[in-house]
There are 2 protein chains.
Amino acid sequence: MTGAIGEALLTRLSCAGTVCSEDADAIRAIRGEVRTIRRHKVILSPGDIPRFVVIVLKGFLYRYAISTKGARQIHGFCMPTDSPGLDAMHLDQVDDTLAALVSSVVGLVPHANVSRLIEDRPGIAVLIGRTAALQGSIHRQWLMRNSTQQASASMANFFCETYLRAKTSGLVTNGSCDLPVTQEILGDTLGLTAVHVNRTLQLLRRLGLVELKLGRLFIHDFDGLARLAEFDPHYLHLKCGVPNRARITPANRDFSFLSGRAA
Amino acid sequence: MTGAIGEALLTRLSCAGTVCSEDADAIRAIRGEVRTIRRHKVILSPGDIPRFVVIVLKGFLYRYAISTKGARQIHGFCMPTDSPGLDAMHLDQVDDTLAALVSSVVGLVPHANVSRLIEDRPGIAVLIGRTAALQGSIHRQWLMRNSTQQASASMANFFCETYLRAKTSGLVTNGSCDLPVTQEILGDTLGLTAVHVNRTLQLLRRLGLVELKLGRLFIHDFDGLARLAEFDPHYLHLKCGVPNRARITPANRDFSFLSGRAA
DNA sequence: CGAGCGCTTGAGCTGATTCAACAGACGTGG
DNA sequence: CCACGTCTGTTGAATCAGCTCAAGCGCTCG
């Protein structure tokens, strides 16, 4: 079972670039502790000193911060193979909260093990650097989304991103993927009230675009969703068949690559 | 004049942690090209392959992305000693725009030189990693601000952050610092219209908190501003005299450290 | 079986936008 | 040196997206 951590990490880092077979072996060999986290349980809180990298094996995590007035802003969800903490290795203090959205299984890899991995195989540092940069890119997109788009577009945008991310991790089956969020959580993600999330979800449903039920996201019309969302996936830096920088304009917009097998 | 790049980089990295004297010498010795960028000139565009790290020596830069519908979201300002591109070293494509807000002087350091620096002195990689993590922390704060706070608080928050960042770089004199932004730029930063920015600025002025004129930010009442902004500076990971994790609550809120000399 | 949580709906309110017009500063070219 | 266009800031009035408050409903879990 411990090998699962290495496999998951390999999947993650493979999204960042080509991994040579020696690097792959080294990554597979990494050791950590596997642990089950119950729903709503907090893994890391502000002020904690980070000592390990987390990697999601099963379930769903989320990261958030709370303002002094009590408003919660969620700034990321972690699905299997995501590795929160990989970006913040050198930080002396965590400044947000990492918690489990549903009962989850995670791997905890001590920083020392990661450092050793990097020392042995410096190419891996580049891959890790890239996943961190990708994270930054996603953060910027979230800022743009929550600042400039209105509720329906914003929500559509979030769904597009989540679906594609799930796809690249091989977590999509039959046009749907896990997304075990309540409407309140979704509200704290998009900067909306739960009430307005409810009405917006109904709108998207009536438009025949998506449905969110039973903790799962069902995509009925990705192209329509992407159009509403003004979604341009290039910020995800996907490797798998996305035309690399054929700028997606309203004219050549094309999500046919979605039908292909994920990497 | 070339030595200015090294000095600026040293100032920047010193904010991330203690720099031993050998590291400091190595940083000072770094070489790059000094160049003047005229107002509104673009330095990096989406799709460019990043080949150098930029470091601001004089002036002001800003980074933004444009949505498919034409909305612009600014997601960062760079004041002297800031180094955009330090975080995205390993990325194969830039995905936002870096441009000059006013006529500026920047250093361009080829990635090769930075890589050599890191190889020679691995401790510096940690410092760079930390500045990247700090950048992420600021991004999360911006997301929170633009998503959950209303105009006046949001703007106050931005002013608090900018002022403190300027302070730590030694760019504050007499309670004011450069901020050469138009109301439209400020709007694209906060996700507001220029019209509403105008009215909100008037409000903050009438409250006796700040004034923004002649491209400069004049702070009249930092505490009042911070209160309105729900500002908690710990996300900036400041080293200089900020009580490290004495959680700032409404009760013990105290910005007296502002009076001390910046590091 | 009761309590709590998540979802749904309605009505009224408000913060922010939109559209439009105008004034001052600036710079450029005739 | 003046005339002109452009850019930035300012103000007013109407509109709207999203919020607040409040109530009710069904499910699950203890």
Side-chain angles (χ1 to χ4, degrees), chain A residues 38-40 60 62 67 69-74 101-103 145-158 179-206 210-218 228-229, chain B residues 38-41 60 62 67 69-74 99-103 145-158 179-207 210-218 228-229:
Chain A
R38 276 217 295 278
R39 190 169 120 99
H40 294 159
F60 242 86
Y62 68 129
S67 79
K69 274 218 181 99
R72 172 175 64 173
Q73 176 64 50
I74 293 170
L101 211 47
V102 293
S103 184
R145 159 170 44 84
N146 286 16
S147 301
T148 70
Q149 297 193 267
Q150 60 185 49
S152 53
S154 186
M155 188 177 292
N157 197 302
F158 172 67
L179 186 60
V181 295
T182 63
Q183 298 184 350
E184 195 189 344
I185 297 256
L186 203 44
D188 287 347
T189 303
L190 302 173
L192 304 169
T193 50
V195 172
H196 202 240
V197 165
N198 183 295
R199 302 198 228 261
T200 307
L201 272 173
Q202 290 179 49
L203 174 64
L204 298 186
R205 204 182 308 146
R206 259 183 286 123
V210 277
E211 268 179 297
L212 183 62
K213 59 182 179 190
L214 306 168
R216 243 182 122 74
L217 180 68
F218 296 84
L228 174 62
Chain B
R38 276 215 297 277
R39 192 169 119 99
H40 294 160
K41 188 89 193 304
F60 241 86
Y62 68 127
S67 80
K69 275 218 180 100
R72 173 175 64 173
Q73 176 64 50
I74 293 170
L101 209 49
V102 292
S103 185
R145 157 165 53 78
N146 287 14
S147 301
T148 69
Q149 297 193 264
Q150 60 185 47
S152 53
S154 186
M155 187 177 294
N157 197 302
F158 171 68
L179 187 61
V181 295
T182 63
Q183 297 184 351
E184 194 188 345
I185 296 258
L186 202 44
D188 287 348
T189 303
L190 302 172
L192 304 169
T193 50
V195 172
H196 203 240
V197 165
N198 184 295
R199 300 196 230 262
T200 307
L201 272 173
Q202 289 179 49
L203 174 64
L204 297 186
R205 205 182 309 146
R206 258 182 288 124
L207 290 174
V210 276
E211 266 179 297
L212 183 64
K213 58 182 180 191
L214 306 168
R216 243 181 122 75
L217 180 67
F218 296 84
L228 173 62

* To do: Would you work out how much the helix from C/dC1-D/dG30 to C/dG30-D/dC1 bends between its ends, with each end axis defined by five base pairs, to 10 degrees?
  => 40°

* Asked: Could you give the distance from CG (A/Asn198) to CD (A/Glu184), rounded to the nearest 0.5 Å?
  -> 12.5 Å

* To do: Taking A/Ser154 for its side chain and A/Gln150 for its backbone only, find out whether a donor-acceptor pair lies under 3.5 Å.
  => no

* Take atom CG of A/Asn146 and atom C1' of D/dG18, then tell me their distance rounded to the nearest Å. => 14 Å

* Ignoring backbone atoms, establish whether B/Gln202 has a side-chain N or O less than 4.0 Å from OP1 or OP2 of D/dT10. => no

* Any A/Asn198 side-chain nitrogen or oxygen under 4.0 Å from OP1 or OP2 of C/dT8 -> yes

* Asked: How many Å lie between CG on B/Leu203 and P on D/dT11, as a whole number?
  -> 13 Å

* Asked: Please give, in whole Å, the distance from C/dG6 C1' to A/Leu186 CG?
  -> 13 Å

* Asked: Are A/Leu212 and A/Val181 close enough, and set up right, to give a side-chain contact (heavy atoms from CB on, under 4.5 Å), and what steps lead you there?
  -> CA-CA 9 Å; A/Leu212 183 62; A/Val181 295; 4.0 Å; yes

* Any chance the side chains of A/Asn157 and A/Gln149 put a donor and an acceptor closer than 3.5 Å? -> yes

* Please confirm whether the backbone N or O of B/Asp188 pairs with a side-chain atom of B/Gln73, one donor and one acceptor, at under 3.5 Å? => yes

* Figure out the CD/C1' separation between B/Glu211 and D/dG9, and round it to whole Å. => 15 Å

* **From CA spacing to verdict: side-chain contact (heavy atoms from CB on, under 4.5 Å), B/Leu228, B/Leu204** => CA-CA 10 Å; B/Leu228 173 62; B/Leu204 297 186; 3.5 Å; yes

* How about A/Arg216: does its CZ atom have over 12 heavy atoms from other parts shown lying under 6.0 Å from it? -> yes

* To do: Send over the distance from B/Arg39 CZ to D/dT8 P, rounded to a whole Å.
  => 6 Å

* **Between C/dT9 (C1') and A/Leu201 (CG): distance, integer Å** => 15 Å

* To do: Give the intermediate values and the outcome of side-chain contact (heavy atoms from CB on, under 4.5 Å) for residues B/Arg199 and B/Leu203.
  => CA-CA 6 Å; B/Arg199 300 196 230 262; B/Leu203 174 64; over 6 Å; no

* To do: Show your working on side-chain contact (heavy atoms from CB on, under 4.5 Å) between A/Leu186 and A/Thr182 and close with a plain yes or no.
  => CA-CA 6 Å; A/Leu186 203 44; A/Thr182 63; over 6 Å; no

* To do: Please report, rounded to the nearest Å, how far the C1' atom of D/dG18 is from the CD atom of A/Gln183.
  => 16 Å

Output a table of nitrogen or oxygen pairs between the protein and nucleotides 15-17 of chain C separated by less than 3.5 Å.
residue, atom, partner, partner atom, Å
C/dA16, OP1, B/Ala151, N, 2.8
C/dT17, OP1, B/Thr193, N, 3.3
C/dT17, OP2, B/Thr193, N, 3.2
C/dT17, OP2, B/Thr193, OG1, 2.9

* Asked: Starting at CG of B/Leu214 and ending at P of C/dG24, how long is that distance when rounded to a whole Å?
  -> 17 Å

